[in-house]
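Reckoned from all heavy atoms, side chains included, excluding hydrogens, waters and symmetry mates. For reference, positions follow the sequence shown, starting with 1.
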Amino acid sequence: MINFHVRLKNFLHNQKSVQRLLLYFLIVLIFFGAFSKPDFATDTYAYALGDFSEITNNFLRCGRIFTAGIYTILRLLSINISLINFACFIVAAISLIFALYFLEKLLRKNFISNQLWSFLLPIILLINPFIIEYFLFIEKGIMCFCILLCVLSAQCYANYLDHRKRTDLFKVLLLNVFATFWYQGVIGLFIVLATMLTVTKAKQWLLFLKDTVISIGLYIIGPLINVIMIKLFFADGRTSGGLNVIEAAKMVAGSLDRMFSIFGIIPPIIFWGYFVIIVITWLIYLFRHHEFHILPCVQVFYLAFVVFLAAVVPQLVLDPDSVWIAPRAVYPFATIIGVSIVLIFHASPKFPSTNPSKSFLLFTTCCFVSIQFVGFNNIILDHYSLAELDRLRAGQIGNLISAYEAASGIEVKYITPSSDQNKTYTYNGIKSVADSNISAFSTYWSDVTSLNFWNKRSFVRKDPDPKWQAYCSSHDWDTFDTTQLSFVGDTLQICWP
């Protein structure tokens, strides 16, 4: 406790540390400050008013034990969903700020001494295009907290490589297991950072192989414990079925085009173009200064391959029907640019500070970050517009229900939803990102709960009558229409367009 107090005191007296934290605070605020206002995804309505046991079980069967515990406490305390949303944003912001800060320390100590680039590279690495989906869900705090855990774990692994103390390995293992039981989608970040450290610190092939095996072991133990627990206790868990790697691989292969297209978050030509520009500029520098060696090139391509594996391999242990490639699930993949630049700058320390490459690199990086900010901003604007459109539609339906109840004297208690021929997942002009920015009326867990939320009612969802399903499937509406509603006693039958 005394040691912690001394460290905190030294930290607060270190002006550079405080300045760095303030700068990262501004960066996070610029990119994600809009989320301080309550936002809604399909899951938000379910968490607020959905079946408690069903949602808790869903967290548990996915291996997110700690998340289930937090959700249970919040529901039992009946804390307002808007307050929870704001608290999650605060946790996400603080976690990301410290993750950026600690990653900068890691990079400056082990890879690059250039002050400007040691500040910029954590931003490129962690605030990569895929992180935006984390902020579009109410669990944003948990997801960003896991990013921080992975960075701290990488720091402990770096200490192990320097001092070879087993206590550091235990810290790595503890942090990785802890992160896995919160949210598994981020844990691949550890193996990416660990491989980056292994590649640059191992001076002999045998040592490189040994450290690679150790890092892989530290990476897989947490998920392995998680998978075993799911298989033992949850028959319907995402990994509880038989291992079918071939079928899962087919599902992954069918979705890789979306991952390589960066899910449309930013134009893929911008993402890959920036990557190619960095590599080509580096190669030109090497040849011009007669510094070309094959090993740094091999290291960059090897790490790029590890990044790909870190993103897709975890999907192979899932039941094929549960495989779903979304930004939040393959977050490590978008670190490919950041980790490649780190290795390039480590191999050629003078490269980022020698003109004309110095000015060109800064210009292209600023352009890339600016375009990413615009992409994020467009998604955020659509995110809030979508919630408002859902609220207006819920109010419109609520008014029709109230009018029916007033005319008939019958209270509507049940809602039986169905879909038309071609189900629409969002509104015209709204940009969806995988599972994000889709209408509350497009999923079974949020259609009725969103109506209940905005109208302050307690409608019960029931399966639709076959005749009503046939009626809905025979139509293809573009937008909401009163012909999509039919009242039968205390039940509202409704078609979602």
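- Judged by distance alone, the side chains of Asn452 and Tyr45 never bring a donor and an acceptor atom under 3.5 Å apart.
- Rounded to the nearest 0.5 angstrom, Thr44 OG1 and Glu139 CD are separated by 8.0 Å.
- Checked against a 6.0 Å centroid threshold, the rings of Tyr157 and Tyr219 do not count as neighbours.
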One pair to check against side chain to side chain contact (heavy atoms under 4.5 Å, CB included): Ile191 and Thr195. What are the steps and the verdict? CA-CA 6 Å; Ile191 195 62; Thr195 302; 4.0 Å; yes
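- The side-chain hydrogen bond (donor to acceptor under 3.5 Å, both in side chains) contacts involving residues 174-191 comprise Ser153-Asn176, Gln184-Asn226, where partners must be two or more places apart or lie in separate chains.
- Around CD1 of Ile246, the count of heavy atoms belonging to other residues, nucleotides or ligands within 6.0 Å does not exceed 12.
- Here the closest non-hydrogen pair linking Ser446 and Ala440 is OG-O, 2.6 Å.
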Passes side chain to side chain contact (heavy atoms under 4.5 Å, CB included), Leu103 versus Leu106? Steps please. CA-CA 5 Å; Leu103 182 57; Leu106 180 72; 3.9 Å; yes
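- For Asn378, the side-chain contact (heavy atoms from CB on, under 4.5 Å) partners are Val374, not counting sequence neighbours.
- Counting heavy atoms of neighbouring residues, nucleotides and ligands inside a 6.0 Å radius, atom CG of Asp257 exceeds 12 of them.
- Using a 4.5 Å heavy-atom cutoff, the side chains of Trp117 and Leu107 are not in contact.
- Of the possible donor and acceptor atoms, none in the side chain of Trp454 sits under 3.5 Å from a partner among the backbone N and O of Asp390.
- A distance of 11.0 Å separates CD1 of Ile131 from CG of Leu136, quoted to the nearest 0.5 Å.
- Under a cutoff of 6.0 Å and an axis angle of 45°, Arg164 and Tyr160 form a cation-pi pair.
- The local environment of CZ in Phe52 is crowded, with over 12 non-hydrogen atoms from other residues, nucleotides or ligands closer than 6.0 Å.
- Classification of the Phe145-Phe178 ring pair by plane angle, with boundaries at 30° and 60°, yields perpendicular.
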What do the steps show when you test Phe181 against Ile225 for side chain to side chain contact (heavy atoms under 4.5 Å, CB included), and what is the final call? CA-CA 9 Å; Phe181 280 80; Ile225 294 171; 3.8 Å; yes
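- Checking side-chain atoms of Lys423 against main-chain N and O of Ser442 turns up a donor-acceptor pair under 3.5 Å.
- Defined by atom type and a distance below 3.5 Å, a donor-acceptor pair is missing between the side-chain atoms of Asp168 and His163.
- Of all non-hydrogen atoms in Ala179 and Ile187, the two that sit nearest each other are CB-CD1, 4.3 Å.
- Using cut-offs of 30° and 60° for the angle between ring planes, the Tyr274 and Phe368 rings count as parallel.
- Partner Gln372 forms a side-chain contact (heavy atoms from CB on, under 4.5 Å) with one of Ile124, Ile127, Ile262, Asn377 and no other, that one being Ile127.
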Can Leu193 and Cys150 be said to form a side chain to side chain contact (heavy atoms under 4.5 Å, CB included), step by step? CA-CA 9 Å; Leu193 297 177; Cys150 287; 5.5 Å; no
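- Residues Ile214 and Lys210 form a side-chain contact, since some pair of their non-hydrogen atoms from C-beta on lies under 4.5 Å apart.
- Taken to the nearest 0.5 Å, the CD1 atom of Ile379 stands 9.5 Å off from the CD1 atom of Ile266.
- The side-chain contact (heavy atoms from CB on, under 4.5 Å) test with Ile380 is passed by exactly one of Asn437, Asp39, Ile132: Ile132.
- The closest side-chain heavy-atom distance from Leu316 to Val312 is not below 4.5 Å.
- Cys88 meets the disulfide bond (SG atoms under 2.5 Å apart) test with no other residue; sequence neighbours excluded.
- With contacts defined as side-chain heavy-atom distances shorter than 4.5 Å, the pair Phe111/Leu197 qualifies.
- Scanning both residues, Thr426 and Leu386, for their nearest heavy atoms gives OG1-CD1, 3.7 Å.
- Closest of all the heavy-atom pairs between Gln315 and Ala248 is O-CB, 4.0 Å.
- A donor and an acceptor atom, one from each side chain of Asn159 and Lys165, are nowhere located under 3.5 Å apart.
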Could you list the donor-acceptor pairs under 3.5 angstrom formed between side-chain atoms of residues 24-38 and any protein atom two or more places apart in sequence or on another chain?
from: Tyr24; atom 1: OH; to: Phe119; atom 2: O; distance (Å): 2.9
from: Ser36; atom 1: OG; to: Gly33; atom 2: O; distance (Å): 2.8

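- A perpendicular orientation is assigned to the rings of Tyr101 and Phe98, their planes being inclined by more than 60° (bins at 30° and 60°).
- In terms of the side-chain contact (heavy atoms from CB on, under 4.5 Å) criterion, residue partners of Asp435 (sequence neighbours excluded) are, by chain and number, Glu133, Phe137, Trp324, Arg328.
- A heavy-atom distance below 4.5 Å is found between the side chains of Pro497 and Gln484.
- Rounding to the nearest 0.5 angstrom, the gap separating the CG atom in Leu209 from the CG atom in Asp211 is 9.5 Å.
- Two residues are said to be in side-chain contact when any heavy atoms from C-beta on lie closer than 4.5 Å; Leu256 and Ile325 fail this criterion.
- Atom OH of Tyr414 is surrounded by 12 or fewer heavy atoms from other residues, nucleotides or ligands within 6.0 Å.
- Of all heavy-atom pairs spanning Ala394 and Leu451, the tightest one is CA-CD2, 3.7 Å.
- From Glu104, atom CD reaches atom CG of Leu125 across 12.0 Å, with rounding to the nearest 0.5 Å.
- With a 4.5 Å cut-off on side-chain heavy atoms, Thr72 and Phe59 do not count as touching.
- Donor-acceptor pairing under 3.5 Å is lacking for the side chains of Trp445 and Asp51.
- A distance of 11.5 Å separates OG of Ser53 from CG of Asn58, quoted to the nearest 0.5 Å.
- Judged by distance alone, with hydrogens and angles left aside, the side-chain atoms of Ser215 form a donor-acceptor pair with the main-chain N or O of Thr212 at under 3.5 Å.
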N/O donor to acceptor pairs below 3.5 angstrom from side-chain atoms of residues 329-342, sequence neighbours left out:
from: Tyr331; atom 1: OH; to: Leu126; atom 2: O; distance (Å): 2.7
from: Thr335; atom 1: OG1; to: Pro332; atom 2: O; distance (Å): 2.5
from: Ser340; atom 1: OG; to: Ile336; atom 2: O; distance (Å): 2.6

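- Contact detail for Ile438 and Ser432: the closest heavy-atom pair is CG2-CB, 4.2 Å.
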Could you walk me through whether Phe453 and Phe40 satisfy the ring-ring contact (aromatic ring centres under 6.0 Å, His included) test, starting with their C-alpha distance in whole Å, then the side-chain angles of each, then the deciding distance to 0.1 Å, before giving a yes or no? CA-CA 11 Å; Phe453 183 86; Phe40 293 88; 5.3 Å; yes
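- For the pair Arg461 (side chain) and Tyr444 (backbone), a donor-acceptor distance under 3.5 Å is present.
- The side-chain heavy atoms of Val172 and Phe190, taken from C-beta on, include a pair separated by under 4.5 Å.
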